[in-house]
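Working notes for the structure below.
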Protein chains: 2
Amino acid sequence: MEENKHVTIYDIAEKLNLATSTISRALKDHHSISDKTIKKVKKAAKEMGFVPNTLAAGLRGNKTKTIGVLIPTVTQPFLSSLISGIEITAQKSDYSVIIMQSHDSYAEEVNMAKSLYSNRVSGVICSLAMETRDTAHFEQFSNNNIPLVFVDRVPKDYNTFRVVIDNYSAGYKATKHLIEQGCLRIAHLTAGAEFGNLYNERKRGYMEALRDHNLPIIEELIVDLKSVTYGDGVKASNKLFDLKPIPDGIFASGDIIAASAVQTAKKRGIKVPEELAVIGFNNDPISEIIDPNLSTITHPAEKMGKAAAEIIIKNLKSLKESEVQEITFLNTEVLIRESSDRK
Amino acid sequence: MEENKHVTIYDIAEKLNLATSTISRALKDHHSISDKTIKKVKKAAKEMGFVPNTLAAGLRGNKTKTIGVLIPTVTQPFLSSLISGIEITAQKSDYSVIIMQSHDSYAEEVNMAKSLYSNRVSGVICSLAMETRDTAHFEQFSNNNIPLVFVDRVPKDYNTFRVVIDNYSAGYKATKHLIEQGCLRIAHLTAGAEFGNLYNERKRGYMEALRDHNLPIIEELIVDLKSVTYGDGVKASNKLFDLKPIPDGIFASGDIIAASAVQTAKKRGIKVPEELAVIGFNNDPISEIIDPNLSTITHPAEKMGKAAAEIIIKNLKSLKESEVQEITFLNTEVLIRESSDRK
DNA sequence: AAAAATTGCACAACCGGTTGTGTGTTGTTG
DNA sequence: CAACAACACACAACCGGTTGTGCAATTTTT
């Protein structure tokens with residue numbers, strides 16, 4: 001097994017008796033190079049197995065055609081769909097995507113932000129870690145004119161691009177739907193809502209909907225989970241079902257939690273949706289699989305990814321310095337399935 | 001908003017009246033630099049907000065401390081757990097991970113392999129796209145001494161590192177378990193098993209187990225899905241349940257498919273596990289959520305990721321040219337839950 | 001105290017594309 | 001046919017760390 005050296009434009013230049021600058025320009029169809037030379041160069045490049053060295057180009061131009069994605073984890077359906085959207089759009093413009101997971105840890109997020117900066121990504125798309133309270137580690141991007149887009153879990157007080165849904169109105173819609181199904185004692189399962197984030201907004205929508213329909217807000221019906229896991233969902237659900245009377249509706253801030261509520265209810269002989277109507281959030285794959293199917297709020301993950309990537313690419317092309325930082329709102333819808341449908 | 005230039009070692013050198021080489025060495029605790037200078041340099045670097053430019057280092061050294069991961073998708077639980085494992089191990093040795101998705105397309109896989117090579121990744125971990133039949137696009141790595149590890153979906157005839165489970169014996173174990181539960185008419189749901197891949201191996205294990213227990217292999221009980229999706233699973237399941245008599249056991253080559261079988265059976269009034277015992281594969285999160293819980297074969301995704309990353313890192317450190325290419329086998333276990341447990 | 005070894009740092013080439021500038025050749029215009 | 005524009009390509013600096021080599025200063029050895 002011979003150890004081939006990487007083929008460079010120098011090799012091509014030598015073979016064709018041309019300057020490296022000519023090779024470089026020919027490969028990108030520069031107008032100052034004749035068609036004949038362009039063809040000759042491209043042919044030789046292909047034959048010799050030339051693959052451009054991204055590092056060299058990036059170093060010189062201080063840009064890498066790479067979008068850095070910094071998210072809590074790739075395992076959540078919402079986030080992997082987000083990635084999908086980012087990738088689809090990135091690929092169209094010939095950008096690479098580098099993905100890093102913070103695992104919801106602030107310390108890791110700080111590290112990976114540094115790593116992305118160190119890798120001179122052209123832009124950054126981020127959904128904040130659960131733990132994150134301050135955003136100083138993102139200033140290195142803003143300060144160096146690297147476009148930064150926050151998605152879904154966005155900071156409140158940071159002046160940059162954001163792509164979000166209206167969590168308040170989504171929470172309102174979900175709760176209103178349960179009220180329309182005749183629920184009077186509606187519980188809310190949430191996670192980390194004490195911090196000013198998207199869960200907090202959904203909870204606000206929930207409470208406002210209750211108020212608008214003259215229903216009381218009952219503290220013991222609002223359970224704030226430690227983590228968005230099935231196990232914690234089961235615990236919280238059991239807590240609710242130990243109450244007397246039990247709630248007749250649950251709005252869960254995630255489908256995994258909603259699924260745990262449905263399954264726990266079934267185990268305890270509580271009929272869904274007759275005795276208990278349940279609606280989740282996100283439209284995760286599981287919502288279509290469990291029995292009964294889960295009503296939910298659609299969360300346009302892929303669209304959000306596309307939108308975020310478009311913002312990055314657009315702002316790289318035309319770097320209008322003082323452009324107004326914008327917030328992009330995407331739509332959500334109530335998806336009524338079996339778990340909340342009382343006809 | 002002032003446009004800070006990136007801080008470089010030249011800036012530090014100028015400020016401290018030292019050579020750039022001294023800065024570079026001081027930052028990595030080179031023995032030829034005095035402790036006093038090292039401290040001084042590190043302090044200045046921190047104050048000035050120095051972040052090394054990975055591209056420059058990579059260009060010079062022709063190595064990037066980056067592991068490229070090329071997989072069909074990040075949305076499958078098995079694959080996102082694989083990524084998790086890779087990341088955990090990579091991070092310990094200060095490697096970055098760049099993830100690319102082939103979406104099971106051969107053309108995309110070829111492109112992304114090129115892109116990884118172009119980015120001069122230090123090593124590559126790959127699980128092949130469904131469509132892929134030849135592996136010529138991976139030779140650029142082998143030829144340039146870039147360690148390459150295939151995981152799970154590995155090529156048969158390519159001499160490089162592999163991390164796999166024994167799919168044959170896993171299929172055998174799963175089927176044997178159903179036989180031990182008293183099943184006599186065991187169906188098998190698989191996907192793309194006509195190609196010499198892991199599904200094929202599982203199927204082989206299934207057939208061998210039947211043979212060993214003197215059960216007939218019935219062609220109509222083996223259904224080969226087009227894709228590993230819930231929808232296709234429902235279709236295949238209905239096909240099985242239209243038979244007379246219906247099967248009394250199903251070994252599905254994936255939990256999504258097994259879940260579809262369970263749910264479809266319930267809808268048609270078939271009792272699981274009494275009339276129909278079901279066992280899946282992978283131990284996906286869904287297997288613990290659906291009712292009844294799904295028996296399954298554990299698939300040590302995270303361990304496989306860790307093992308793959310370790311192989312890369314080990315081989316980067318000590319590049320013994322002619323080392324024997326190895327296959328790493330990891331263990332699987334039959335996980336008996338409700339869907340196949342007839343006591 | 002002279003010779004040898006060690007320490008601490010500077011110099012400069014290097015990695016491989018990119019791009020502003022310069023030069024010679026061909027084509028166009030009055 | 002002179003004057004000028006357009007064309008096709010070459011030259012060389014540049015991006016920012018890395019590393020082999022060289023040299024002076026200091027310490028150790030004999």
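All values reported here derive from a predicted model rather than from experimental measurement. Chain letters run A, B, ... following the sequence lines, proteins first and then strands; every chain starts at 1.
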Distance in angstrom units between H6(B) NE2 and dG16(D) C1', rounded: 11 Å
Per A56(A) side chain, nearest of listed nucleotides dC9(D), dC15(C), dG17(C): dG17(C)
Residue met sooner reading DNA chain C from 5', once A19(B) and R120(B) are mapped to nucleotides: A19(B)
Touch class at under 4.0 angstrom, heavy-atom based, for D11(B) against every strand present: nothing
Distance test, side-chain N/O of S21(A) to OP1/OP2 of dT18(C), below 4.0 Å: no
Sugar-phosphate, base or nothing in reach of N53(A), heavy atoms under 4.0 Å: sugar-phosphate
Nearest-nucleotide pick for R60(B), side chain only, options being dG17(D), dG17(C), dA10(C): dG17(D)
Contact nearer the 5' end of DNA chain D, comparing R25(B) with Y10(B): Y10(B)
Interatomic distance where NZ belongs to K36(A) and C1' belongs to dC7(D) [whole Å]: 13 Å
Touch class at under 4.0 angstrom, heavy-atom based, for D35(B) against every strand present: nothing
T66(B)-S122(B) side chain donor-acceptor pair, cut-off 3.5 Å: no
Any donor-acceptor pair under 3.5 Å from H103(B) side chain to S105(B) backbone: no
H6(B)-F50(B) aromatic ring centre distance below 6.0 Å: no
Separation of dA8(D) P from K39(A) NZ (nearest whole Å): 13 Å
Listed nucleotide nearest any side-chain atom of K63(A), set dA10(C), dT19(C), dC15(C): dT19(C)
Nearest-angstrom distance from the residue atom CD1 of I9(B) to P of dC14(C): 18 Å
Shortest side-chain distance from T37(B), nucleotide among dT18(D), dC9(C), dA13(D): dC9(C)
Atom-to-atom span, CD1 of I33(A) to P of dG20(C) - whole angstrom: 14 Å
Sugar-phosphate, base or nothing in reach of S32(B), heavy atoms under 4.0 Å: base
Spacing between I23(A) atom CD1 and dA8(D) atom P, to the nearest angstrom: 15 Å
Short side-chain N/O contact to dG17(C) OP1/OP2 from S24(A), under 4.0 Å: no
Atom pair distance, as rounded to whole Å: CG in L59(B) and P in dC15(D): 14 Å
Electrostatic pair K306(A):E310(A) at N-O distance under 4.0 angstrom: no
Presence of S34(B) side-chain N/O under 4.0 Å of dC9(C) phosphate oxygens OP1/OP2: yes
Protein-nucleotide distance (I38(A), atom CD1; dA8(D), atom P), rounded to Å: 9 Å
Pi-cation contact, F150(A) with R153(A) (under 6.0 Å, within 45°): no
Touch class at under 4.0 angstrom, heavy-atom based, for L18(A) against every strand present: sugar-phosphate
Residue-phosphate contact under 4.0 Å: T20(B) side-chain N/O, dG17(D) OP1/OP2: no
Touch class at under 4.0 angstrom, heavy-atom based, for K28(A) against every strand present: sugar-phosphate
Over 12 non-hydrogen atoms of neighbours within 6.0 angstrom of CG in D35(A): no
